[in-house]
Amino acid sequence: MPENNNDVKNFKSGFAVVLGLSSSGKSTLINAVIGEKVAIVSSKKQSTRTPLRGIYTDDKSQIIFIDTPGFFKPKDKLEEYMLASMINSIDAADVIVFVADITTPLSAVPQEFIDLVIKAKQPKILAISKMDKIKEFNLSENIDYVGFSTYFNETITVSAVSGLNLNKLTDSIANQLPYGDMLYPEDEITDASSRFIISEVIRESICEITHDEIPYSIAVICDELTQRENNVYYMACTVYVERDSQKGIVIGRNGTVIKKIGTRSRQIIENVLGIKAYLDVRVKVSEKWRKNDMFLRSLGYFVSKKR
């Protein structure tokens, strides 16, 4: 960390927005770089809804990663919010990191998304992810990547699983950042509130435990977070679904599913926040909440559209 004025003059800090298709490994990559779980990870698409900031700090730089929803054509108010928040995050960034899943062809990336990235004026880094899933890769022998990489300042192959080139990635990002003081305390790894983290962990658990249709129809809000006796934190959270049938799936027969969700979530929350927790999760029906502006705003899903 900077120890004197001369060090401060050489210190770099800024924002790196992380873009890519859903399930390209954006959140997993950020967690691996930071070394802690700050973003939810799910095998389900569109698990990231709200841009989340993960903070990486070393002795030469502080990188604030902005995790964003994957690109898609919106079908409801929630997805319109997700797309607008991703676009606004690009505007706020100093560096763009595009995560391309090596197991998914580049042709799967919509042209309008490619155009959005190409037209951005910030320095760009192409991170080819999930390299642990293939035996070898040569950029010059992959014609699709050769053409695409010309739009980027640097192309780096990475793996969140093996740790391949993670230091190279942070060094590359830092080189593109402006000189300046730390924007956050050196021991901070996210600026997300405890309530937000709790809600996201529960949503991640639901994504992993329930059927495919459920993750896209749920919202979670932490209604209460209070410290009680013996330093145990009481957390009351509400899971919103769109139909009674979905409520039944989330609860499960004799409450078996909601119990699994609660147990998994509590263990992760205790580990991430470093506390002892008592978690109370309830399920309510709010029909068509994804299309309701007022309800979305009450959940914090709102962002002004700049374009």
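All residue numbers refer to positions in the sequence shown, counting from 1.
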- Task: Assess the side chains of Arg53 and Tyr184: does a donor N or O sit below 3.5 Å from an acceptor N or O?
- Result: yes
- Message: Donor-acceptor pair, distance only, cut-off 3.5 Å: does the side chain of Lys37 make one with the backbone of Ala32?
- Response: no
- Item | Sub-4.5 Å side-chain heavy-atom contact between Ile198 and Phe196 | no
- Side-chain touch Ser194/Leu225, heavy atoms, less than 4.5 angstrom: yes
- Message: If we count only N and O atoms by modelled type, under 3.5 Å, do the side chains of Thr256 and Asn254 hold a donor and an acceptor together?
- Response: no
- Message: Just so I know, are the side chains of Met86 and Leu116 near enough to count as touching, which here means a heavy-atom distance under 4.5 Å?
- Response: yes
- With respect to Ile206, which candidate in Ile261, Ile249, Val201 satisfies the side chain to side chain contact (heavy atoms under 4.5 Å, CB included) definition? Ile261
- Message: Please check: side-chain N/O of Trp289 versus main-chain N/O of Ser217, any donor-acceptor pairing under 3.5 Å?
- Response: yes
- Message: Whether Lys130 and Asp132 form a salt bridge (side-chain N of Lys/Arg under 4.0 Å from carboxylate O of Asp/Glu) is what I want to check.
- Response: no
- Query: Between Glu242 and Lys288, does at least one N-O distance fall below 4.0 Å, as a salt bridge requires?
  - Reply: no
- Item | Side-chain donor-acceptor contact under 3.5 Å, Ser129 with Asp101 | no
- Any Leu177 side-chain heavy atom under 4.5 Å of Phe15 side chain: no
- Message: Can you tell whether the side chains of Arg264 and Glu204 come within less than 4.0 Å, N to carboxylate O?
- Response: yes
- Message: Are Val95 and Ile128 connected into the same hydrophobic cluster when the rule is that any two of I, L, V, M, F, W, Y join if their side-chain heavy atoms are below 4.5 Å apart?
- Response: no
- Query: Regarding Lys12 and the six-membered ring of Tyr179, is the cationic atom NZ or CZ under 6.0 Å from the ring centre and inside 45° of its axis?
  - Reply: yes
- Hey, is the main chain of Asn138 close enough, under 3.5 Å, to the side chain of Asn142 for a donor-acceptor pair? yes
- Do other residues, nucleotides or ligands put more than 12 heavy atoms under 6.0 Å from Tyr278 OH? no
- Return yes when atom CD of Glu36 has more than 12 non-hydrogen atoms of other residues, nucleotides or ligands closer than 6.0 Å, and no otherwise. no
- Can you find a heavy atom in the side chain of Arg266 that is under 4.5 Å from one in the side chain of Lys276? no
- Note on the structure: Per side chain to side chain contact (heavy atoms under 4.5 Å, CB included), Ile125 is matched among Ile96, Leu169, Asn175 by Leu169
- Any side-chain heavy-atom pair of Ile66 and Leu52 under 4.5 Å: no
- Task: Could you tell me if the ring centre of Phe98 sits under 6.0 Å from that of Phe113?
- Result: yes
- Side chains of Thr57 and Gln62: is there a donor and an acceptor less than 3.5 Å apart? yes
- Would you mind reporting whether Leu296 and Tyr81 have side-chain heavy atoms less than 4.5 Å apart? no
- Kindly work out whether a path of hydrophobic side-chain contacts (I/L/V/M/F/W/Y, heavy atoms less than 4.5 Å apart) joins Val241 to Val220. yes
- Message: Measuring only between side-chain heavy atoms, which start at C-beta, is Phe11 closer than 4.5 Å to Asp59?
- Response: no
- Spacing of Arg243 atom CZ and Ile214 atom CD1 [to the nearest 0.5 Å]: 7.5 Å
- Item | Over 12 non-hydrogen atoms of neighbours within 6.0 angstrom of NZ in Lys124 | yes
- Asp67 and Ser27: side-chain donor and acceptor closer than 3.5 Å? yes
- Query: Hey, are Asn271 and Gln267 close enough side-chain-wise for a donor-acceptor pair under 3.5 Å?
  - Reply: no
- Query: Taking atom types as modelled, is there a side-chain donor on Ser205 or Ser265 under 3.5 Å from an acceptor on the other?
  - Reply: yes
- Query: Under 3.5 Å, is there a donor-acceptor pair between the side chain of Asn165 and the main chain of Lys168?
  - Reply: no
